[in-house]
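Structure, as structure tokens:
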Amino acid sequence: MEPQQIVLDQTEYKTIILGTGLLESLLSTALAYKGFPSVNLDKDISYSSAMKTCSLKEFKQVFTELLPSQSNKSFKIINYQDDMTEEESKNKSRGFNIDLQPRFLYSRSQTVDKMIEAGMDKYMDFRAINGIYFFSEDKQKFVLVPTNKGEIFASDEFGLIEKRNLFKLLHMCSALYTKLNQVQVDQNSTAEFDKDLLLDEDEVKKIMDMRKKHFKEFLTHYKVSDKLAKMLLYIIGNYQFSFQESETPEHFVSTEDFINRINKFLRSAGVHSTYPYLYTNYGTSDILQGFSRSSAVFGSLFIVNKDLVLDEIVINPPKENNINFKLKTPIAGPSEYLTSRFMVLNKDYVPLIKGLKEGQELEKKALLRMTFIVRSEDENLQLDTPGMYYIFPDNKTLNNTHPVFVFLTGEKTSSAPEGAYIFYVQTIVDSDTPQDVLKEYATKIRSLLDTALIKEAKVRNLVSVVYLQVRRKFAGEEELKEKPNIVVVDDDDFLLEFDDYYKKAEDYTRHLVPENPEMLFFENFEKKTKEDLEKKLEAEDEAEQETHLNELLEKLDKLKAGKGQEKEEKEGAGDQPEESQNQAQAQGQNTENNEQ
């Protein structure tokens with residue numbers, strides 16, 4: 001059915017949400033929980049907006065149809081290449097689940113806690129990362145990152161002094177975290193670096209004095225080598241910019257921030273595997289869709305279709321009837337507009353706002369993404385999946401300013417059929433870099449990966465795409481921030497994980513519902529769902545009892561009416577004097593009143 005033929009039965013909603021990205025899904029669930037269910041609309045081919053997971057057919061459709069037709073999206077195509085034959089596309093394209101933005105979960109994180117609260121852990125599957133590697137310039141190959149005492153002292157990539165310094169620093173970061181954040185030490189912890197947490201008070205004082213300073217002072221204090229510093233910052237610290245960028249106000253990394261980053265890695269390592277990360281089987285967007293399902297439980301409605309027609313958004317002055325926003329769309333039917341008290345939208349839909357100042361600009365930094373899918377034609381090719389691979393800045397081949405991150409996956413995460421592999425590559429670049437320069441850079445990265453990982457094995461390239469992920473700022477954004485009841489969510493960040501999204505979602509929720517700030521965000525969905533169901537059943541029981549009582553009263557009224565008529569007939573048949581008849585009538589009325 002064409003979307004313009006769809007007409008909603010309802011046109012007035014508590015909330016209208018445009019987009020189905022992670023922030024939109026979180027807000028949809030949070031508002032529904034607070035009693036403001038939403039109608040969620042997205043002009044797209046599938047759920048999850050810019051964080052969607054696609055089949056191979058949908059993946060091609062995104063880069064050949066969707067993005068070329070919508071110039072204001074947060075993705076810009078640099079290069080697209082499809083080497084599949086028509087027969088391959090028809091018969092060998094099943095079993096792929098391809099992310100536009102692959103993301104990961106720390107085993108111990110706010111994201112995991114919220115998913116458990118929402119009951120999502122009961123129907124989702126995850127796979128622990130199998131290995132983390134970094135590219136060794138000396139050996140010209142990827143080597144394993146040591147994450148525990150045994151691996152550190154067994155590694156031949158570092159000298160003995162480096163190994164001792166690394167172990168000591170990781171131990172200190174774990175211990176200092178408890179001091180900096182006033183966290184009580186878990187005496188029963190089995191984590192590698194939680195054991196024997198003994199701190200010298202003078203040492204603690206020195207670190208506390210440098211907590212707000214740049215972390216290089218902390219590393220210098222512990223005599224950390226350049227190679228160790230890179231591994232700590234980019235891999236264990238999960239930092240995506242250059243060391244020089246970490247000194248700028250926009251991306252500053254203090255000693256305190258550095259310690260927190262290291263500790264987050266350490267506390268998640270060893271929970272499900274040696275490494276701290278989990279990846280969602282069947283792709284990242286399963287997490288977003290899980291929150292959408294939670295929202296639907298509380299009455300929200302979702303419509304996703306690339307041909308959906310959305311004409312304009314009208315912002316009304318605040319009214320007593322709480323109709324603050326109007327969305328003109330054919331699905332509203334004869335009334336032409338859907339109305340709501342709250343409005344949430346991602347930046348794809350900002351141009352629809354009537355009367356808003358026009359124009360947009362891009363942030364200085366962007367994320368260069370490359371996804372290439374290959375099929376092995378060599379039985380001896382065995383790639384470690386799911387695996388993470390890092391190339392540090394200033395690589396002699398790439399001459400890169402920022403680190404390059406590679407995620408390799410395949411059949412084990414249900415991302416690709418047997419024998420096929422998906423390479424996800426990402427690195428920070430300047431948003432105004434010319435396309436031909438970005439193409440050349442992507443070619444160099446691909447060549448390095450082919451040499452270091454695929455080596456001489458025979459593989460067939462299926463599809464490869466290079467695209468730029470940007471963050472946009474619209475001219476009228478600041479004006480909208482001052483308005484109540486509306487939120488324009490930020491474009492997706494460039495991180496590998498999710499936790500920052502919950503902080504933003506909490507801030508947005510408080511902006512929309514300031515009169516209810518004490519309500520916890522995502523407070524135990526299972527309990528809420530059970531309570532709502534019990535109330536519903538109780539209401540149904542009361543309604544059923546009331547209906548039964550009304551039926552009994554109706555029968556009683558009929559019986560009373562029948563008795564009264566019978567008495568009147570008997571009394572009317574007797575030949576009595578007028579006075580006796582009056583007395584009889586009065587007595588009959590008294591009897592009737594008594595019966596009533």
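Numbering of residues begins at 1 and proceeds along the displayed sequence.
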Ionic contact status for K60 with E65, cut-off 4.0 Å: no
Any carboxylate oxygen within less than 4.0 angstrom of a Lys/Arg side-chain nitrogen, looking at K503 and E506? no
Partner of Y279 under ring pair (Phe, Tyr, Trp, His ring centres under 6.0 Å), picked from F126, Y424, F407, is F407
Rounded to the nearest 0.5 angstrom, the CE-OG1 distance for M51 and T284 is 8.0 Å
Does the separation of the ring centres of Y502 and F498 fall below 6.0 angstrom? no
Count the heavy atoms belonging to other residues, nucleotides or ligands that lie under 6.0 Å from CZ of R460, then report whether that count exceeds 12. yes
Against Y133, only a single residue in Y389, F405, F392, F142 fulfils ring pair (Phe, Tyr, Trp, His ring centres under 6.0 Å); can you say which? Y389
Under-4.0 Å salt bridge between E250 and K364: no
Give a yes or no answer on whether the side chain of D491 reaches the backbone of R472 with a donor-acceptor pair at less than 3.5 Å. yes
Minimum heavy-atom separation for R127 to P386, with atom names? CG-CG, 3.7 Å
E58 side chain vs S55 backbone, donor-acceptor pair below 3.5 Å: yes
Would F134 and Y390 count as a close aromatic pair, with their ring centres under 6.0 Å? no
Verify the neighbour count for atom OH of Y282: are there more than 12 heavy atoms of other residues, nucleotides or ligands below 6.0 Å? no
Distance-minimising heavy-atom pair for L462 and E88: CD2-OE2, 4.2 Å
Reported NZ-to-CD distance for the pair K396 and E137, which is rounded to 0.5 angstrom: 5.5 Å
Which is it for I207 and M210 under the side chain to side chain contact (heavy atoms under 4.5 Å, CB included) test, yes or no, and what are the steps along the way? CA-CA 5 Å; I207 305 304; M210 65 176 75; 4.2 Å; yes
Here the gap from L100 atom CG to T371 atom OG1, rounded to the nearest 0.5 Å, amounts to 7.5 Å
Where is the tightest heavy-atom contact between F153 and K163, given as atom of each residue plus distance? O-NZ, 3.1 Å
Salt bridge between K52 and D99, side-chain N to carboxylate O under 4.0 Å? no
What's the spacing between K444 NZ and N395 CG if we round to 0.5 Å? 10.0 Å
Salt bridge present between K139 and D156 (N-O < 4.0 angstrom): yes
Mind listing the closest non-hydrogen atom pair of N165 and Y222 along with its distance? CG-O, 3.8 Å
Look at the rings of F63 and Y80 and say which category their plane angle falls in: under 30° parallel, 30 to 60° tilted, over 60° perpendicular. parallel
State, to 0.1 Å, how close S25 and T20 come at their nearest heavy-atom pair, and which atoms those are. OG-O, 3.4 Å
Interatomic distance, CD@Q101 vs CG@L495, rounded to 0.5 Å, equals 10.5 Å
Do the ring centers of H214 and F243 come within less than 6.0 Å of each other? yes
Specify whether F423 and F372 have parallel, tilted or perpendicular ring planes, treating 30° as the upper limit for parallel and 60° as the lower limit for perpendicular. parallel
Would you find more than 12 non-hydrogen atoms of other residues, nucleotides or ligands less than 6.0 Å from I161 atom CD1? no
Quick one: do R510 and D507 make a salt bridge, cutoff under 4.0 Å? yes
Work out which heavy atom in N130 is nearest to a heavy atom in T385; give both atom names and the distance. CB-O, 3.9 Å
D500 with K504: basic N within carboxylate O range, under 4.0 Å: no
Please check this pair: side chain of Y239 against backbone of V253, looking for a donor-acceptor N/O pair closer than 3.5 Å. no
How long is the span from the CG atom in L26 to the OG1 atom in T509, to the nearest 0.5 Å? 8.5 Å
Determine, step by step, whether D492 and R103 satisfy the side chain to side chain contact (heavy atoms under 4.5 Å, CB included) criterion, reporting the C-alpha distance in whole Å, the side-chain angles of both residues, the deciding distance to 0.1 Å, and the verdict. CA-CA 11 Å; D492 291 320; R103 302 260 176 161; 3.9 Å; yes
